[in-house]
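The block underneath contains the structure these notes are about, expressed in structure tokens.
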Amino acid sequence: MYLFGLRDSQTVLNSRWEQTHYKQQQSKDSVYFRDGVRRIDFILSYIDDKDGEKKQVCHPPSYVLYQRVKIKEGLVQPDKTFDSGHWTGTVPPACRYWTRSRDANCESERYSLYKYWARFSSFYKEQPLNLIRKYYGEKIGIYFAWLGFYTEMLSYAAVVGLLCFIYGVATFDENVWSKEICNDTIGGQIVMCPLCDKKCGYWKLSTTCSSSWQSYLFDNTATVFFAIFMGIWVTLFLEFWKRRQARLEYEWDLVDFEEEQQQLQLRPEYETKCTHRRLNRVTQELEWVLDQSPADKAGRFILCWATVVLWISLIIACIIGVIAYRLAVFAAFASIMKDSPTNKLDVVGTLITPQFATSVTASCINFVIIMILNFLYEHVAIKITDMEVPKTHVEYENKLTVKMFLFQFVNYYSSCFYVAFFKGKFVGYPGDYAYMFGKWRNEECEPGGCLIELTTQLVIVMVGKQVWGNIQEALVPWLRNWWVSRSARNHPESLYSRWEQDHDLQTFSQLGLFYEYLEMVIQFGFITLFVASFPLAPLLALMNNILEVRVDAWKFTTQFRRPVAAKAHSIGAWDEILNMIAVFSVVTNAFIVSFTSDMIPRLVYKYAYHLGSESTMEGYINNSLSIFNISEIPVENRPEEGENPDWFYSSNITTCRYRDYRYPPGHEKQYTHTMQFWHILAAKLAFIIIMEHVVFVVKFFVAWLIPDVPSDVKARTKREHYLIQEYLHDYELEKLKIQLSQNAFNVLIDLGVL
């Protein structure tokens, strides 16, 4: 910590001793200080008796920090900062947060923030952004402004997503294909081929009745509308945030604030490793530079990014391991659960299937792996970024942001990408199945599609991360503070002073705000990249963010020391990352609707391959399943003895069905793709192209239509610049007039006229 405006150390000790002498006569000793001398951290209040008038002056730490900068740059003398004053006390950076300050002349800003902002009962109120900015600085203020705006915009997406879900519930009875699956005379008579080798028997389509109904809630016509809506919503969110950010820049006097000002501030870690000085072309001053050759710089760069690639490869290896688990354990679940007592339960019996058990357990294992890798990589990313020795704080944060987000992107989203775009796409057909590593047969999607499994994966990872993040943010700092102050929290305040309590709080690290942004950006990816599979994702994110705002506020006001104020006019590199996710989300949602959902095959059947003269969905299930001759199934793929159900042996069954569009046995092109398969593939690709172009055209039109800076803010800024130029012009003109008159006067004197 720093000492501000103090003439010498002896004055510090004497002043502090005089102030605490009476208190120590009462308490005799302090819990942590036994020599009667305490270190001064901040000077926030002093008595100014200049001009014979005594008055108390209160200053926030930002003012003290500013005074320190002025002293450092030689603008003022240290003994002139608090001239002719003696101090009423050295207090902590703020008063206690749960009561007002006893001093009526000092504002209880921390108390106000705690009472009107940090309590969950204030979740419906607007955040006091100006007070947050005043107390914590612009950098933290802009984060809470962005978080509040993001939460506000989520409310619109949540309402539309909820309406799409309600549409699925309201049109539940119109789901013709699910009725066919559940019908005993249709789905109950369709025998499906085994889903795995040896341990899986033949099964009837009607066993997937419940999952088919569940899938319809998210896989309906509203899904396409919601995917297009979210593509436009993302653009509106980013464009309106630019306007909001521009207004804050003007209101907080950050219009002329440039990132280059921060880039001129060298990191202490960089300066300690510098051995040479070089002239800075901008400041025209000598500055410390790192003595390293191009080979050393290239070596560090290669080593750092090789480490990143290594850890990303580790993620991919873990995902492959989870996939292998899914393939290996599915057969075990199928064998164990065929006679499981849970099948007889009225409500959940039909829901607990081998597919469901495999999906849930694999998702949970994947979530645990994600958390472990995330914890380990955070330390690795910081280490390799430190090894690069970035010159400025801005450069350090940008380098760390790229490394962390790239890793987190692969870590959190890879499992969802597998389920959405790979599972069930490379299966083969009975007699010619595709195998992973030549050992495990690739997974198949249920007749209802893989969309419901993608929904399950998304919910587990997204909700699990949010719950775990809130526990880390709220519970961990509270436990640490409780443990640190365990020996003194039962003492009265005369022994355990308020500033000592504040000093024992957790330190808000330089990267604390970085992790807050990272958490929200990862959530933003979940609700945009895969939102077509789960329209309720924005609603879950909205509920989490309402809690997140108050948890962060409570954490800042009660669990962490007041951080050093810093300026920032934007959210920095995160803005570019959000734009990248916004563009990528259009592509992913188009592919989800086309290849993960069954929307396109159903539309092709309804308008091109329907039965009868009317465009209906009747007969769709029978049309979407191909036929295979059981006698042609290889021995290594056939179920073992005892794996088939009893009804299979009681009837003469010669064929089984599987999910594909192939010619039946006996056809001259048997087991090759039918023309309907190619029509569906062409329709999927056409939908992707049309949806992407429509959404991108609308996005670019909306971005062009909405200016980044509000017209009134732009006008005020131009007006201020005009007034400044006018003032400078008048000043220079007056200066020139005085100079000319002085020159004329001198000429007259030289000529002897005067």
Side-chain angles (χ1 to χ4, degrees), residues 1-6 9 12 39-42 61-62 64-76 78 93 137 139-140 257-308 311 376-404 407 503 505-515 517-518 560-568 572-573:
M1 310 300 281
Y2 300 94
L3 305 177
F4 307 111
L6 304 182
S9 59
V12 177
R39 183 185 64 180
I40 295 179
D41 287 335
F42 288 104
S62 57
V64 178
L65 181 63
Y66 174 68
Q67 291 295 331
R68 170 180 167 265
V69 173
K70 290 174 65 179
I71 294 171
K72 181 179 178 181
E73 295 179 352
L75 300 179
V76 297
K139 191 171 185 178
I140 292 178
F257 177 78
E258 299 292 340
E259 290 287 344
E260 286 76 10
Q261 296 178 4
Q262 286 186 325
Q263 293 177 357
L264 296 176
Q265 301 175 3
L266 302 181
R267 296 175 62 241
E269 295 85 355
Y270 174 85
E271 290 184 285
T272 56
K273 297 183 179 181
C274 294
T275 56
H276 295 78
R277 285 180 178 268
R278 184 177 60 189
L279 182 66
N280 188 309
R281 296 182 180 180
V282 177
T283 62
Q284 293 297 310
E285 296 179 355
L286 291 175
E287 66 175 10
W288 290 104
V289 293
L290 193 63
D291 185 17
Q292 60 177 351
S293 64
D296 293 336
K297 190 173 182 179
R300 289 182 179 180
F301 178 83
I302 294 173
L303 180 60
C304 291
W305 282 102
T307 305
V308 175
W311 276 84
L376 296 176
Y377 182 76
E378 283 183 7
H379 297 80
V380 175
I382 293 174
K383 289 291 184 183
I384 61 178
T385 306
D386 291 339
M387 189 173 63
E388 290 184 276
V389 196
K391 185 177 181 180
T392 63
H393 292 288
V394 174
E395 184 181 352
Y396 182 88
E397 290 185 3
N398 290 339
K399 287 179 177 291
L400 183 62
T401 298
V402 173
K403 294 182 180 67
M404 284 293 294
F407 176 85
H503 183 268
L505 296 177
Q506 296 296 302
T507 303
F508 191 75
S509 68
Q510 182 183 353
L511 298 176
L513 213 57
F514 166 82
Y515 292 115
Y517 275 117
L518 181 62
F560 285 94
R561 299 180 198 170
R562 184 178 184 178
V564 177
K567 279 195 173 185

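Each residue takes its place number in the sequence, starting with 1.
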- request: Report the C-alpha distance between Gln506 and Arg561 in whole Å, list the side-chain angles of each, state the deciding distance to 0.1 Å, and finish with yes or no for side chain to side chain contact (heavy atoms under 4.5 Å, CB included).
  value: CA-CA 6 Å; Gln506 296 296 302; Arg561 299 180 198 170; over 6 Å; no

task: Might you work through the side chain to side chain contact (heavy atoms under 4.5 Å, CB included) test for Lys391 and Tyr396, ending with a clear yes or no?
output: CA-CA 7 Å; Lys391 185 177 181 180; Tyr396 182 88; over 6 Å; no

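Residue Glu388 comes nearest to Arg300 through the heavy atom pair O-NH1, 4.3 Å, listed as atom of the first residue, atom of the second, then distance. Considering every non-hydrogen atom in both Leu303 and Thr307, the closest pair reads O-OG1, 2.8 Å. Nearest heavy atom pair, residue Lys139 against residue Leu513, reads O-CD2, 3.5 Å. The nearest pair of heavy atoms linking Ile384 to Cys304 is O-SG, 3.2 Å. Shortest non-hydrogen contact noted between Leu286 and Arg277 is O-NH1, 3.5 Å. Contact between Pro390 and Tyr270 at its shortest, heavy atoms only, is O-CB, 3.7 Å.
For the atom pair CZ of Arg562 and CD1 of Ile140, the computed distance is 9.5 Å after rounding to the nearest 0.5 Å. The structure places NZ of Lys383 at 9.0 Å from NE2 of His379, a figure rounded to the nearest 0.5 Å. Annotation: the span from Leu400 atom CG to Asp386 atom CG amounts to 8.5 Å, rounded to 0.5 Å. Here Thr385 contributes atom OG1 and Lys399 contributes atom NZ; the two are 8.5 Å apart, rounded to the nearest 0.5 Å.
Relative orientation of the Phe407 and Tyr377 rings is parallel, given thresholds of 30° and 60° on the angle between their planes.
Contact annotation: the side chain of Thr401 never approaches that of Tyr517 to less than 4.5 Å [non-hydrogen atoms, C-beta and beyond].
A cation-pi contact, defined as under 6.0 Å to the ring centre and within 45° of the axis, links Lys403 to Trp305.
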